[in-house]
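Let me begin by presenting the structure, written as structure tokens, before commenting on it.
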2 protein chains.
Amino acid sequence: MPKEARPGSGEQAKQYALERLRKAILRGEMAPAQRLVENELAESYGVTRASMRAALLDLTSEGLVERIRNRGSRVRVVTVEEAVEITECRLALEGLCAAKAATAATDAQLDELTGLGKAMSKAVADGDPVTYSELNQDLHGLIRDASGQHTAVGLLERLNAQLVRHRFQLALRPGRPQQSLSEHLALIEAIRARDPQAAETAVRAHLSSVIDALRAD
Amino acid sequence: MPKEARPGSGEQAKQYALERLRKAILRGEMAPAQRLVENELAESYGVTRASMRAALLDLTSEGLVERIRNRGSRVRVVTVEEAVEITECRLALEGLCAAKAATAATDAQLDELTGLGKAMSKAVADGDPVTYSELNQDLHGLIRDASGQHTAVGLLERLNAQLVRHRFQLALRPGRPQQSLSEHLALIEAIRARDPQAAETAVRAHLSSVIDALRAD
DNA sequence: GGCAACAGAATTGTCAACGATTCTGTTCTC
DNA sequence: GAGAACAGAATCGTTGACAATTCTGTTGCC
């Protein structure tokens, strides 16, 4: 059997619907505040309404979907104020991860970091904000993995999912990648030097500047 | 109709079952790793299995319950290592909240803080660890409220829920309340002085000492 | 013409029964 | 006597239908 076949019903139908819908939201295919009708989604994904419902409940607890009793589900809209709050939490948690990563990272991970830094520099030099934004994600992800902080990583993934729209807007702002790059390079250096204190400081500086940029919306 | 009546069925049965079970777990009425059978719980709370099931799913995403496909649900056991990780996240997030609270707290909230500090001193002097532990919770809660950080507060509440058992053990350890008290008083002073930096440092010092105590298990 | 009450449609919430999976204790074979 | 295969029980997963709620467009009244 094909391993990515559509589970018409039964099996892990919920899981399938969950990932499809999550991706759709993260890709911005769903307009903000768009109504999510259980029946429609269930039909379009080829699962039963119960599976779809379960998926929506999951996404609600992930903070991607908002649901009102007897009124249905909507794509959650994150205001700028919320985005700032979320980023402040990221600042605290990623600071922790960066500090841990500075001591816990393997040599192979340090090499990966170095490579990412070069790729990011190149993306900025080439004026390619989309690639840069992706590498940016990879960098933060790598640091999280290297930290070994399972709990913090889980929280951060949830927080990040809620920021897609804002992140996208931010990346396309002129001049933003340049500033972001130098902050990231400083962070990479701190981790490579295995200096937890400096790594945490660098993360905080970086995310503070993100917050400023968000507020300038 | 009585406002806390048992919704024999219908109504918001899931909500009812959810809160009952959550309280039971938080109070430690459920043994660690105890099996949670949907039918049994549903009957004992007077709701249908579907409602109970939904409640269990919610608790799973809150991290209080662990569930294995086709094998059922258990009260999640938090190992010492996890407790340490969770507390490290608390350290980061409560540090943020304390700093914000130092600038955002109202005068009334500062008075409340002062009162709590006195009550805590008294509880320690009286050798009453249970009361002290409750006041401790109140203090952290008050600081969270005063911070106005909606996102961080939500994350912290989830993290804290997972620590009940460890928190309980910690509070009964001889000598622990004394050390904890002085750290808390320093924190209160920092917030009353409206010094964000000092407040964050005080929180970090306090939770670091909690981590040390946890590790000494 | 504007506003409130009302019926119909759309949508979600709940339920009870059926089907699938996993565990457990027993039996059969070597 | 030990291990594997097997049947039975327990439990969870899924489905389809029904009930409750909310929204919407219309009608009647002032």
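Here the structure is a predicted model, which means the values were calculated and not measured. So that the names make sense, note that chain A is the first sequence line, chain B the second, and so on, each numbered from 1.
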Would you tell me whether [X] and [Y] have side-chain atoms, one donor and one acceptor, within less than 3.5 Å of each other?
X      : Y      : answer
B:Q179 : B:E183 : yes
B:R144 : B:Q149 : no
A:R215 : A:T87  : no
A:H150 : B:E85  : no

What is the separation between atom [atom1] on [X] and atom [atom2] on [N], rounded to the nearest whole Å?
X     : N      : atom1 : atom2 : value
A:E43 : C:dT12 : CD    : P     : 14 Å
B:R49 : D:dA10 : CZ    : P     : 15 Å
A:R67 : D:dT21 : CZ    : C1'   : 14 Å
B:N70 : C:dT22 : CG    : P     : 5 Å
A:E40 : C:dA10 : CD    : P     : 11 Å
A:M52 : D:dG16 : CE    : C1'   : 18 Å
B:L56 : D:dC12 : CG    : C1'   : 11 Å
A:Y16 : D:dG13 : OH    : P     : 22 Å

Side-chain N or O of [X] versus OP1/OP2 of [N]: is the shortest distance under 4.0 Å?
X     : N      : result
B:R53 : C:dG13 : no
A:T48 : D:dT14 : no
B:S73 : D:dT11 : no

### Query
With side chains defined as the heavy atoms from C-beta onward, is the minimum distance between A:E82 and B:T151 less than 4.5 Å?
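Heavy-atom side-chain distance check fails, nothing below 4.5 Å.
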### Task
Decide yes or no for B:M120 and B:L139: does some side-chain heavy atom of the first lie under 4.5 Å from some side-chain heavy atom of the second?
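The answer is yes; the side chains approach within 4.5 Å.
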### Query
Of all heavy-atom pairs between A:A99 and A:E200, which one has the smallest distance, and what is that distance?
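A:A99 and A:E200 have their closest heavy atoms at CB-OE1, 4.0 Å.
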### Message
Contact list please: residues 31-39 of chain A against DNA chain C, heavy atoms, distance less than 4.0 Å, in numerical order.
### Response
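Listed by number, they are A:R35, A:L36, A:V37, A:E38.
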### Task
Go through the N and O atoms of the side chain of B:R71 and the base of D:dG13, and report whether any donor-acceptor pair is under 3.5 Å.
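No pair found.
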